[in-house]
**Q** 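Okay, here's the structure, questions in a sec.
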Protein chains: 2
Amino acid sequence: MTQPAAHRRASIADVARAARVSVGTVSNVLNRPERVLPGTRERVEAAIEDLSFVRNGSARQLRAGTITTIGAIVLDIANPFFTDVARGIEERLDRDDFTLMVASSDDDPDREQRYLRLFEEHGVQGVMVVPATNDIDHLLAVRRRGTGVVLLDRPSSDPSISSVAVDDVRGGELAAGHLLDEGHTRIVFLNGPHTIRQCADRHAGVLKALVAAGLDPASALLEVTVTSLNAEGGEAAIRGLLESGDRPTAVFCVNDLVALGVLRTLRTENIAVPTDVAVVGYDDVAFAAELATPLTSVRQPTHELGVRAADLLLSGTDAAAQHVMFQPTLVVRGSSSSSAT
Amino acid sequence: MTQPAAHRRASIADVARAARVSVGTVSNVLNRPERVLPGTRERVEAAIEDLSFVRNGSARQLRAGTITTIGAIVLDIANPFFTDVARGIEERLDRDDFTLMVASSDDDPDREQRYLRLFEEHGVQGVMVVPATNDIDHLLAVRRRGTGVVLLDRPSSDPSISSVAVDDVRGGELAAGHLLDEGHTRIVFLNGPHTIRQCADRHAGVLKALVAAGLDPASALLEVTVTSLNAEGGEAAIRGLLESGDRPTAVFCVNDLVALGVLRTLRTENIAVPTDVAVVGYDDVAFAAELATPLTSVRQPTHELGVRAADLLLSGTDAAAQHVMFQPTLVVRGSSSSSAT
DNA sequence: GCTACATTATGAACCGTTTCACGAGGAACC
DNA sequence: GGTTCCTCGTGAAACGGTTCATAATGTAGC
């Protein structure tokens, strides 16, 4: 039995040698088995097995060109919103036998760039990105070079790039409007940085609601930027507010994880929800309804978002870009209204 | 201005031509800029910009050999347990400037194979896998061919493959033991299929606790296999039990998502927790403490699990395999004990 | 026996990088 | 002025597949 050189993966040439055929034949066995005589095929297959040969994807792709993989870059892989979207994407891709690779940018433009570059250099068919910054020039460049790009959870400002988003202005408006309806006259908004479009939009929505109610945003709104968009960030933010003596009566959180941190803190501080402080979240994650004080939240069609995004990427490499905008809905629960179910 | 051929990405040769240098020089500008005279370098950089050249990752890798990426294959990307682990992995990889690609197998051995193959063919330095089956021969084969493999959340039965796991037998024992301590004499265990090692192990732990308490498992334990390991699966399972008239007094759920579904259902059915039914979950996800009835759960050091796994993969390609086993702890809350805080 | 035509197998060209031995042109030194 | 060293830049040889024109072989038909 011929041994391959130690520590070197067997190549197609090794297989060819072992099976006493040419490399072309091995390649045919791999890609168009019907073209090779059963006897030869078996010999080749035996050699493959014997040498435990694995195709070199880089070489294959270098010559063949394409690959049926698409990449997704989300802001935070630990955020249920994004993973729900990812499930939607996967579901759709599966139908066309595409595979999905997920990477997390952590809101860091550099990391986003790094992964984007990695995906592009490896020739994925397309990337779905939740951009960490407002500026999408780098994505336009990727698009121009021939890789499909779909913006996730963010309307596209450019006609050449498709996008699938949920109306965040409307979401902010729904949340703030609800709090105002409940009689609050001042809202604390625990938001992320405005460099994240969703955050800026939700802020705009809040303003819209305040103005519609005839309030002056300067006094009726306090926006606090949380350090990280998760429970720890929410906890730190609300704790900061409480310690400064500025106890809010209504808190709108940019996502449910932040809201979770807020609820947790309010409970340990024995502050009643919604009597003393009303809380509204965003995303309506699975556990929102089951919390100690069920969380009022803005629901987004996450799964559908992912499915649709994958749809756009698969269907139209050449077709004109499409911009899909879903509408969010408000789910009122006990954390913001004592009259809620 | 020279235009590259339509629909063909610019290659290093195009750049060389445009900058009137050799391909070797372009490569040097890309990889060891200090070796080329500033003037030439600038000319090359201008050409790169001009042609919006992007390295072909396949070609690069084909020649250069390695790549600083590692792949992770988890059972369910929407499960917080796995994404928390992924965060841990990322944190560790970042320190060494490695990148992480995550894929989700959905408990499907075929999908696991597909992604494993994809990762291996593309020459990742290593893969971290939560295997969907008991049989890990395919992983051994990958390891033998030179790609690093670390088993995630699953003790390795093979000396050549490192693993990082949490003692699931102990976890099952803790959960069941606690329920028995609370006075229950019959436990319903909503478990996943035993083909998933974690499920089989937790079951073994439950048995151990029952036997230690002098009970006969045949009558003191009812194991129900849930269709999917999430809230919907939990809801369906408990609903099935209730409709069959077999109302349990103590339910142990294989993870917190399943427990969430159970709690949700019990609440809509107006069944009191823990008075009528005690519930224990597994994973101690972030929201467990904040639920309407705070959920008793088995806590696993998820983040640490990920960090340690990445550690093993990065440190020891050649070093002997290591098997790390963490111990879980039980966090008692209101869902299982009226005396809990 | 000769041509015509499938059917299989072959081997070289090619994909786009990196790497490396080598050459050209100075500078430095004796 | 000749030798030695350096600094830059060159060009061709890999890397490991796929593809395609071509060769070898066999079969049919006349």
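The sequence lines fix the lettering, A, B, ..., with proteins before strands; numbering per chain opens at 1. Remember, predicted model here, so these are calculated numbers, not experimental data.
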**Q** Who passes side chain to side chain donor-acceptor pair (under 3.5 Å) against Thr83(A), sequence neighbours left out?
**A**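 Testing Thr83(A) for side chain to side chain donor-acceptor pair (under 3.5 Å), a comparison that skips the adjacent residues, returns none.
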
**Q** Applying side-chain contact (heavy atoms from CB on, under 4.5 Å), can you list everything that pairs with Ser58(A), at least two apart in sequence or on another chain?
**A** Asn56(A), Ser58(B), Gln61(B), Leu62(B)

**Q** Going by side-chain contact (heavy atoms from CB on, under 4.5 Å), name the residues that satisfy it together with Arg114(B), two or more places apart in sequence or in a different chain.
**A**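 Testing Arg114(B) for side-chain contact (heavy atoms from CB on, under 4.5 Å), a comparison that skips the adjacent residues, returns Asp94(A), Asp97(A), Thr99(A).
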
**Q** Taking only residues two or more places apart in sequence or in another chain, which ones pass salt bridge (charged side-chain N to carboxylate O under 4.0 Å, His left out) with Arg63(A)?
**A** none

**Q** According to side chain to side chain donor-acceptor pair (under 3.5 Å), who are the partners of Arg145(B), at least two apart in sequence or on a separate chain?
**A** Glu120(B)

**Q** Tell me, which of residues 56-65 of chain A have any heavy atom that sits under 4.0 Å from an atom in DNA chain D?
**A**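 Residues of residues 56-65 of chain A that come under 4.0 Å of DNA chain D are, in numerical order, Asn56(A), Ala59(A), Arg60(A), Leu62(A), Arg63(A).
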
**Q** Using the 3.5 Å cut-off, write out each protein N or O paired with an N or O of nucleotides 7-11 of chain C and the distance between them.
**A**
{"from": "dA9(C)", "atom 1": "OP1", "to": "Thr40(A)", "atom 2": "OG1", "distance (Å)": "2.3"}
{"from": "dA9(C)", "atom 1": "OP2", "to": "Leu37(A)", "atom 2": "N", "distance (Å)": "3.2"}
{"from": "dT10(C)", "atom 1": "OP2", "to": "Ser22(A)", "atom 2": "N", "distance (Å)": "2.8"}
{"from": "dT10(C)", "atom 1": "OP2", "to": "Ser22(A)", "atom 2": "OG", "distance (Å)": "3.3"}
{"from": "dT10(C)", "atom 1": "OP2", "to": "Thr25(A)", "atom 2": "OG1", "distance (Å)": "2.8"}

**Q** How far apart are the C-alpha atoms of Asp135(A) and Thr133(A), what are their side-chain angles, what is the distance that settles it, and do they pass the side-chain hydrogen bond (donor to acceptor under 3.5 Å, both in side chains) test?
**A** CA-CA 5 Å; Asp135(A) 178 32; Thr133(A) 56; 5.5 Å; no

**Q** Heavy atoms of chain B, cut-off under 4.0 Å: which first and last nucleotide of DNA chain D, 5' to 3', fall inside that, if you could look?
**A**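 For DNA chain D, the relevant span reads dC8(D) to dG16(D).
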
**Q** How about Arg117(A): does its CZ atom have over 12 heavy atoms from other parts shown lying under 6.0 Å from it?
**A** no

**Q** Would you please confirm or rule out a distance under 4.0 Å between OP1 or OP2 of dG16(C) and any side-chain N or O of Arg9(B)?
**A** no

**Q** When we call it a touch if two heavy atoms are under 4.0 Å apart, what does Ser11(A) touch: a base, just sugar-phosphate, or nothing?
**A**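 The answer is sugar-phosphate, as Ser11(A) gets under 4.0 Å only of primed atoms, P, OP1 or OP2.
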
**Q** Side chain to side chain donor-acceptor pair (under 3.5 Å) with Asp76(B): which residues, sequence neighbours excluded?
**A**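 Asp76(B): side chain to side chain donor-acceptor pair (under 3.5 Å) contacts with Arg87(A).
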
**Q** End-to-end bend of the helix from dG1(C)-dC30(D) to dC30(C)-dG1(D) (five-pair axes, 10° rounding)?
**A**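 The value is 50°.
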
**Q** Report the residues that fulfil salt bridge (charged side-chain N to carboxylate O under 4.0 Å, His left out) with Arg197(A), sequence neighbours left out, ordered by chain and then residue number.
**A** Asp201(A)

**Q** Of all residues at least two apart in sequence or in a different chain, which pass the side chain to side chain donor-acceptor pair (under 3.5 Å) check with Asn79(B)?
**A**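 For Asn79(B) there are no side chain to side chain donor-acceptor pair (under 3.5 Å) partners, ignoring immediate neighbours.
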
**Q** For Arg95(B), I'd like to know if atom CZ has over 12 heavy atoms of other residues, nucleotides or ligands within 6.0 Å.
**A** yes

**Q** So does Glu112(B) get a backbone contact from the side chain of Ser105(B), meaning a donor-acceptor N/O pair under 3.5 Å?
**A**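 Pair absent, no side-chain N/O of Ser105(B) close to backbone of Glu112(B).
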
**Q** How long is the span from the CD1 atom in Ile161(A) to the CG atom in Leu139(A), to the nearest 0.5 Å?
**A** 5.5 Å

